[in-house]
Amino acid sequence: MSGITHNACPICGGVFDIVAISAHMRRVARCRDCGHAFVQNPPSAQEIWAWFQGESYFADNYNRQGIFSLEDDAQWEGWLAGRFDELEWYIPEAGFRSGPPRRVFEVGCLEGRLIDALGRRGHTVAGCDINETMTRRGRAAFGRDIRTGTVDRCAPPIGAFDVVLVYFVLQYEPCPQAAFASWMRLLAPGGRIFCIFPVGDSGRADPMCLHFFSRVSLARLAQTHLYDYRLTITAEDRPGRKEHKAVLVGSKQA
């Protein structure tokens with residue numbers, strides 16, 4: 001089953017060529033203009049929603065990092081320390097560790113462990129995720145405002161947040177421009193967005209990865225939505241390969 005079929009590059013609207021057929025019989029295209037690669041016939045919204053449901057997705061996401069329990073705080077100490085180090089390095093102006101309280105929304109928060117940690121530091125927090133099981137467990141465990149669904153579906157307040165955090169979500173969005181625009185609407189004037197997602201071929205092994213960003217396509221995306229931005233591409237060693245990810249930080253005009 002397929003959802004939309006792209007008739008132009010979903011980033012710049014340019015002409016594309018089909019360059020591969022995936023193992024899941026999806027046509028992989030590449031834009032002649034911005035170099036963006038994408039699945040031209042992505043799965044339906046129902047298929048994407050179903051893929052990310054249940055506790056098994058939580059397990060797949062965290063077990064390989066040595067985390068096997070939502071409730072055992074000790075297992076999460078290193079993970080949270082890494083998240084805060086990353087935020088302090090890439091978006092120091094947010095001052096999450098020592099600055100004034102911020103209003104923070106996380107897109108794709110799963111069970112809400114990060115927003116709970118931010119809330120315990122005095123920030124006002126909320127988040128959303130399409131995994132119904134984990135959002136329900138997160139609400140029960142942490143008592144935070146964790147909504148089920150996409151930003152458009154769960155309707156958080158518009159213009160109400162100083163910072164929006166998005167970890168590894170954009171590559172799963174059939175229409176990344178529309179998704180990014182929905183996240184930007186959450187920001188108050190002068191607010192900042194922090195996004196991380198894979199670039200190049202790093203997502204090819206993931207059957208639900210729909211976009212393989214190039215540096216040029218990322219710049220096009222940022223220039224469309226952000227008043228100013230910083231884009232960093234890093235490489236991490238993984239067994240048998242290097243994995244590249246982009247860190248995009250930008251602001252909404254004050």
Side-chain angles (χ1 to χ4, degrees), residues 9-12 30-31 33-38 61 64-65 78-99 102 104-110 113-115 117-118 123 127 151 161-173 176-177 179-184 186-188 190-206 209-254:
C9 172
I11 297 297
C12 73
R30 188 179 303 279
C31 178
D33 186 12
C34 71
H36 184 67
F38 58 96
N61 212 23
R64 59 180 175 266
Q65 302 176 63
W79 184 89
L80 284 171
R83 280 288 194 258
F84 277 101
D85 286 346
E86 197 169 51
L87 290 169
E88 190 170 5
W89 179 262
Y90 287 111
I91 185 169
E93 60 270 30
F96 284 133
R97 274 192 165 130
S98 57
R102 303 289 188 185
V104 184
F105 192 92
E106 184 180 3
V107 178
C109 68
L110 206 56
R113 176 65 65 163
L114 177 59
I115 61 171
L118 288 165
H123 303 287
V151 165
F161 298 95
D162 303 306
V163 182
V164 169
L165 306 175
V166 192
Y167 288 89
F168 297 101
V169 174
L170 191 62
Q171 71 271 24
Y172 300 121
E173 295 286 351
Q177 292 278 21
F180 203 93
S182 74
W183 306 339
M184 290 298 294
L186 302 180
L187 288 172
R192 302 190 74 77
I193 189 169
F194 170 90
C195 295
I196 294 184
F197 41 89
V199 294
D201 291 333
S202 294
R204 289 296 174 102
D206 185 340
C209 186
L210 305 180
H211 298 278
F212 313 95
F213 295 91
S214 69
R215 186 179 289 274
V216 174
S217 68
L218 287 173
R220 295 281 183 91
L221 180 79
Q223 290 159 8
T224 300
H225 300 283
L226 300 171
Y227 177 66
D228 62 61
Y229 70 92
R230 300 189 299 270
L231 174 62
T232 306
I233 296 178
T234 66
E236 297 180 355
D237 288 320
R238 301 293 186 195
R241 72 185 195 281
K242 278 193 178 292
E243 188 170 281
H244 294 81
K245 67 179 183 181
V247 182
L248 177 62
V249 178
S251 69
K252 184 173 185 177
Q253 189 165 9

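For this chain, numbers begin at 1 and follow the sequence in order.
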- Query: Between F194 and L87, does a side-chain contact (heavy atoms from CB on, under 4.5 Å) hold up when you go through it step by step?
  - Reply: CA-CA 8 Å; F194 170 90; L87 290 169; 3.8 Å; yes
Might you point out which heavy atoms bring [X] and [Y] nearest each other, and give the distance in Å?
{"X": "L187", "Y": "K252", "answer": "O-NZ, 3.0 Å"}
{"X": "L80", "Y": "A117", "answer": "CD2-CB, 3.8 Å"}
{"X": "H36", "Y": "S214", "answer": "N-OG, 4.0 Å"}
{"X": "L248", "Y": "A222", "answer": "CD1-CB, 4.0 Å"}
{"X": "P176", "Y": "L221", "answer": "O-CD1, 4.3 Å"}
{"X": "Q177", "Y": "P10", "answer": "CG-O, 3.2 Å"}

- Donor-acceptor contact below 3.5 Å, side chain T224 vs main chain R220: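 Confirmed, T224 side chain pairs with R220 backbone.
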Determine whether [X] and [Y] make a side-chain contact, defined as any pair of heavy atoms from C-beta on separated by less than 4.5 Å.
{"X": "P198", "Y": "H211", "result": "no"}
{"X": "F197", "Y": "F213", "result": "yes"}
{"X": "L226", "Y": "M184", "result": "yes"}
{"X": "W79", "Y": "R113", "result": "yes"}
{"X": "L231", "Y": "V247", "result": "no"}
{"X": "V107", "Y": "F105", "result": "yes"}
{"X": "F161", "Y": "V104", "result": "no"}
{"X": "C34", "Y": "C9", "result": "yes"}

- SB check R97 D85 (cutoff 4.0 Å):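 Looking at R97 and D85, the cut-off is met.
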- Task: Please assess V199 against K245 for the test side-chain contact (heavy atoms from CB on, under 4.5 Å), listing each intermediate value before the final yes or no.
- Result: CA-CA 5 Å; V199 294; K245 67 179 183 181; 5.7 Å; no
- Query: How are the rings of F96 and H123 set to each other: parallel, tilted or perpendicular (split at 30° and 60°)?
  - Reply: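 Perpendicular: the ring planes of F96 and H123 meet at over 60°.
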- Any idea how F180 and W183 line up, ring-wise: parallel (<30°), tilted (30 to 60°), or perpendicular (>60°)?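 Geometry flag for W183 against F180: tilted rings.
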- Within 45 degrees of the axis of the six-membered ring of Y229 and under 6.0 Å from its centre: does R192 put its NZ or CZ there?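 Ring-cation test returns no.
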Could you tell me the separation between the [atom1] atom of [X] and the [atom2] atom of [Y], rounded to the nearest 0.5 Å?
{"X": "L210", "Y": "L170", "atom1": "CG", "atom2": "CG", "value": "10.0 Å"}
{"X": "Y90", "Y": "C195", "atom1": "OH", "atom2": "SG", "value": "13.5 Å"}
{"X": "H225", "Y": "S251", "atom1": "NE2", "atom2": "OG", "value": "14.0 Å"}
{"X": "I11", "Y": "C31", "atom1": "CD1", "atom2": "SG", "value": "9.0 Å"}
{"X": "L165", "Y": "I193", "atom1": "CG", "atom2": "CD1", "value": "9.0 Å"}
{"X": "E93", "Y": "E88", "atom1": "CD", "atom2": "CD", "value": "11.5 Å"}

- Test side-chain contact (heavy atoms from CB on, under 4.5 Å) on H244 and T234 and set out the steps. CA-CA 6 Å; H244 294 81; T234 66; over 6 Å; no
- Using the side-chain contact (heavy atoms from CB on, under 4.5 Å) rule, take E106 and Y167 through it: C-alpha gap first, then chi angles, then the decisive distance, then the call. CA-CA 8 Å; E106 184 180 3; Y167 288 89; 3.6 Å; yes
